[in-house]
Amino acid sequence: MTVSTSTYRLQFRGNVTFERATELVPYLKRLGISHVYASPIFAAKKGSTHGYDVTDANEIDPVLGGRAGFDAFCAVLQQAKLGLILDIVPNHMAASVENVWWRDVLRRGSGSVYAGHFDIDWQRKLTLPLLGRPLEESLAAADFRLRYEPADGCIYLAYFDNLLPLSIASADRLAADIGTDAERLLAFSRDAAAMRKLLAEQHWQLLYWKDAAENLSYRRFFEVAGLVGMRVEDPRVFDDTHRLIIELVRSGQVQGLRVDHIDGLADPKGYLEHLRQAVGPDTFIVVEKILARGEKLPADWPVAGTTGYEFIAAMADLFVNEEGLRKLDEAYRPVSEEDADFATGLRKAKLLMVERNFAGETRRLTRLACSIFADFDEEEIASALRELLVAFPVYRTYAYQGAASSDDVTVVEIACGKARSRLSTVDALDALARLLKEEVSAAEALEFRARFQQLSGPIMAKAVEDTLFYRYNRLIALNEVGGEPHAPPGSVAAFHQFMNDRFQRQRCGLSTTSTHDTKRGEDTRARLYGLTQDPDAWIAGVERWRNMNSPFRSSLADGPAPEPNIEWMLYQALAGIWPQDIEGADRNALKERFCAYVLKAIREAKLRTDWMDENPSYEHSVEAYAAALFSEDNREFIRDFDRTLRPFMELGFRNSLSQLLIKLTAPGVPDIYQGSERLDFSLVDPDNRRPVDHPWTDTEAAGALAMDPAFLKRHVIRTVLRYRNQHPFLFLEGEYVPLETSGARASNLVAFARVHERETAVTIVPRLVDMPSSDFWKDTAVMMPRELKAPLYDLLTDKPSSAGDLLAAQLFTDHSLSFLVGNR
């Protein structure tokens, strides 16, 4: 298998086209990466900012430069000896008329040759939740227009920006009855009764967008009705959606694939086996998969590993002080007792998803189960299904036709154990469990199993990541994709165990700290970890700031806006993006970013406002409070906040460097998200998908090393990645060896070695260090095993070290971290 030594994620679209990416190749080469890791490059909806709304999987998007631009980009990559990893999207496509397959389905219904490509329930009409108000109100307001398009000779239904093809029969009848004259079509459009009859003749049915959760007839991506699920378990659909992907791999232009949202597929293992067979054994494949704490990637998947969310959680364990977190918890609970109970909050959020946001999908599962188990009452099955979904401890299981694996059986049994306590009778629950655990062959049973597994993941993701993580605000740095913020941080020993497991199970999986989907950038999180190192200063600060800014708080009928729990979150989020120089910063731009985040956060929390049911007065009040934090009239707060934050900035930078060196040298393939080779103080998307606006150069003078944190970060990346490229087997195959530490500050060090044949690399970084005095490290040392005692030199300073045990005071003379290399 072709394995990268490091990756650099480029977010195509916006200001990144193939032409721009080609210009960046020399810079990326000098940085030391081995592979560019590209976001989706296939044709997507007009104006797409991310590329996951694919309209044609077999065309490279002309907006990016098309095939010619891609070929030129690949030629430059190959000349520079850099590889390319593509992000592919097998789970869904855009439910848009720009998608010719979808357009054909709208026109021909279940008779379309593409009807089976999309995951549509053809027992009823295809529902389209496009309406801004109920259908009858839209008809009364004459929101619809019939339009003749000479380009294809067809009549369409226009609804604002949407242009929907009519069924062939109804379009032919219209043309015969009234022709294609614009005025006659307009007159017809204004006849509500005639339009109602015409709409009833279509293969599709228009819905008010708020009714999608209850009435959607196709599988969507999470709650995004604009993305329709694909049936790639069907070999014909696989072939039609992967034709270009396979061609690019076989041509040698693409060396790796990142599979988006693998948990959305009906049969992930079967899909991956099909993909592996199509692209061959040498193609690097990783999957976007969120692993719960202790959960393992299925060992029989033919992939190198995951995209690395679990690595982020491992970093949090190292850099969060347990005693400090306890103090934050003590201060947070009186602020919001209800929100501070994570377990109760998780149940509430999951119930909300089951009963409201995914009500239609849950009801469909209930009907399927009732058709299989006719002896059970529908309410009994509905209750059992609800509790099973709520109790599920991981995103999903992976059984398809055969019996479930032992790991999956354990998951189902754990969920059933939790669900039993909530049910008056468990017979239906046991029946559902058998469907998930035992081998199935009946069509209805197979469909139930697949759809349950495709639903449990979205329920978990939306309940935790996009609801609870905006309610449980004790320390928001821990509210990260794949994180479990209520769990106590692990020890250094637990970290070493995690890395040993990682070496054994996915030593070639990606190790990431920032992505286009993380809730906060890596440096934002690293700074916020520091709050646990001086929680008293932070808690006192929050109390002062709430008092200072109380004039900006509104009193609404349903309570203060913002409420204390939201204030607690706001000051952490603001601390995460606060600039080093607030006086020289563009405060208006900062305010816009922050207010946009705040609005998203309160809507995601779904407590007093919601994407589905907005509360304008509450939203305006909270946004006004957030904006006031930047006001020139609020100078006292700005000075106080800046002064209080100074020590946390320093703590955060140390955490960031330690985290970085671990990522670059521990088991796994280090992934650099675009722009994060400098400082990444971003918030959740779309903030973390902003164009990278710094100059893509590396001409800073070495003298700036001690002055510029961003330069030092990039210096570490460039130095270590270049060494990885020169010694690939040391990091891809080299044994992971935890190193013991001794002395008064032994617990403040993380040290490990990578060993391959005669090559050795030693990583030593501090953790949970406040403002060290000159004698801070005293007698603290890293104990080198006898077999590793050999002359080493620090790659970051070009200074030699002793051949014996390593004294921290000597190692950290020039840098707050050390990377030693040598041969035995």
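Heads up: numbering here begins at 1 and tracks the sequence. In this text the structure is predicted, and so the values were computed from the model without any measurement.
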Is a salt bridge present between [X] and [Y], judged by a nitrogen-to-oxygen distance below 4.0 Å?
| X | Y | value |
| --- | --- | --- |
| Arg603 | Glu614 | yes |
| Glu447 | Arg364 | yes |
| Lys606 | Asp610 | no |
| Asp517 | Arg689 | yes |
| Arg520 | Asp680 | no |
| Lys600 | Asp687 | no |
| Asp234 | Arg231 | yes |
| Lys45 | Asp53 | no |
| Arg196 | Glu136 | yes |
| Arg451 | Glu361 | no |
| Arg67 | Glu247 | yes |

Measure from the ring center of [X] to the ring center of [Y] and say whether it is less than 6.0 Å.
| X | Y | answer |
| --- | --- | --- |
| Tyr52 | His516 | yes |
| Phe42 | Phe70 | no |
| His261 | Phe222 | yes |
| Tyr148 | Tyr156 | no |
| Tyr271 | His242 | yes |

Compare every heavy atom of [Y] with every heavy atom of [X], then report the nearest pair and how far apart it is.
| X | Y | result |
| --- | --- | --- |
| Ser217 | Leu126 | OG-CA, 3.3 Å |
| Arg396 | Ala266 | NH2-O, 3.7 Å |
| Ala57 | Leu244 | O-CB, 3.9 Å |
| Asn688 | Ser682 | CB-OG, 3.7 Å |
| Arg13 | Ala44 | NH2-CB, 3.9 Å |
| Asn91 | Leu265 | CA-CD2, 3.7 Å |

- Task: Give the C-alpha distance, both sets of side-chain angles, the deciding distance and a yes or no for side chain to side chain donor-acceptor pair (under 3.5 Å) between Ser251 and Gln253.
- Result: CA-CA 6 Å; Ser251 71; Gln253 291 178 296; 3.2 Å; yes
- Glu604 vs Trp611, side chain to side chain donor-acceptor pair (under 3.5 Å): CA-CA, chis, key distance, verdict: CA-CA 7 Å; Glu604 294 284 28; Trp611 297 106; 3.3 Å; yes
Between [X] and [Y], is any pair of side-chain heavy atoms under 4.5 Å apart?
| X | Y | result |
| --- | --- | --- |
| Ile85 | Val36 | no |
| Asp119 | Val228 | no |
| Thr467 | Met353 | yes |
| Leu130 | Phe160 | no |
| Val259 | Ile285 | yes |
| Phe469 | Val464 | yes |
| Phe144 | Ser189 | no |
| Ile459 | Tyr395 | no |

- Evaluate the criterion side chain to side chain donor-acceptor pair (under 3.5 Å) for residue pair Thr127 and Asn215; output intermediate values, then yes/no. CA-CA 7 Å; Thr127 53; Asn215 293 308; over 6 Å; no
For [X], look at atom [atom1] and say whether over 12 heavy atoms of other residues, nucleotides or ligands are found less than 6.0 Å away.
| X | atom1 | value |
| --- | --- | --- |
| Arg147 | CZ | no |
| Glu23 | CD | yes |
| Glu378 | CD | no |
| Asp161 | CG | no |

- Arg9 to Tyr37 six-membered ring, cation-pi geometry met (6.0 Å, 45°):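 Ring-cation test returns yes.
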Donor-acceptor side-chain pairing of [X] and [Y] below 3.5 angstrom:
| X | Y | answer |
| --- | --- | --- |
| Asp87 | Ser39 | no |
| Tyr208 | Glu137 | no |
| Ser170 | Gln202 | yes |

Between [atom1] on residue [X] and [atom2] on residue [Y], distance to nearest 0.5 Å:
| X | Y | atom1 | atom2 | result |
| --- | --- | --- | --- | --- |
| Arg367 | Thr362 | CZ | OG1 | 11.0 Å |
| Asn615 | His620 | CG | NE2 | 9.5 Å |
| Ile245 | Asn58 | CD1 | CG | 7.5 Å |
| Thr515 | Gln674 | OG1 | CD | 11.5 Å |
| Trp204 | Leu166 | CH2 | CG | 6.0 Å |
| Trp102 | Phe118 | CH2 | CZ | 6.5 Å |

- Message: Main chain of Pro686, side chain of Tyr597: is a donor-acceptor contact present, judged purely on distance under 3.5 Å?
- Response: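 No, Tyr597 side chain to Pro686 backbone: no donor-acceptor pair under 3.5 Å.
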- Message: For the backbone of Phe392 and the side chain of Lys350, can you confirm whether one donor and one acceptor N or O come within less than 3.5 Å of each other?
- Response: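 Answer holds: yes.
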- Working for salt bridge (Lys or Arg N to Asp or Glu O under 4.0 Å), residues Arg356 and Asp613: CA-CA 12 Å; Arg356 189 193 76 168; Asp613 190 14; over 6 Å; no
- Task: Just do the side chain to side chain donor-acceptor pair (under 3.5 Å) check on Glu233 and Tyr400 with the steps written out, would you?
- Result: CA-CA 11 Å; Glu233 65 273 17; Tyr400 195 54; 5.0 Å; no
- Start with the C-alpha distance between Arg608 and Glu619, add both sets of side-chain angles, then the distance that settles salt bridge (Lys or Arg N to Asp or Glu O under 4.0 Å), and finish with yes or no. CA-CA 9 Å; Arg608 296 173 67 184; Glu619 291 182 355; over 6 Å; no
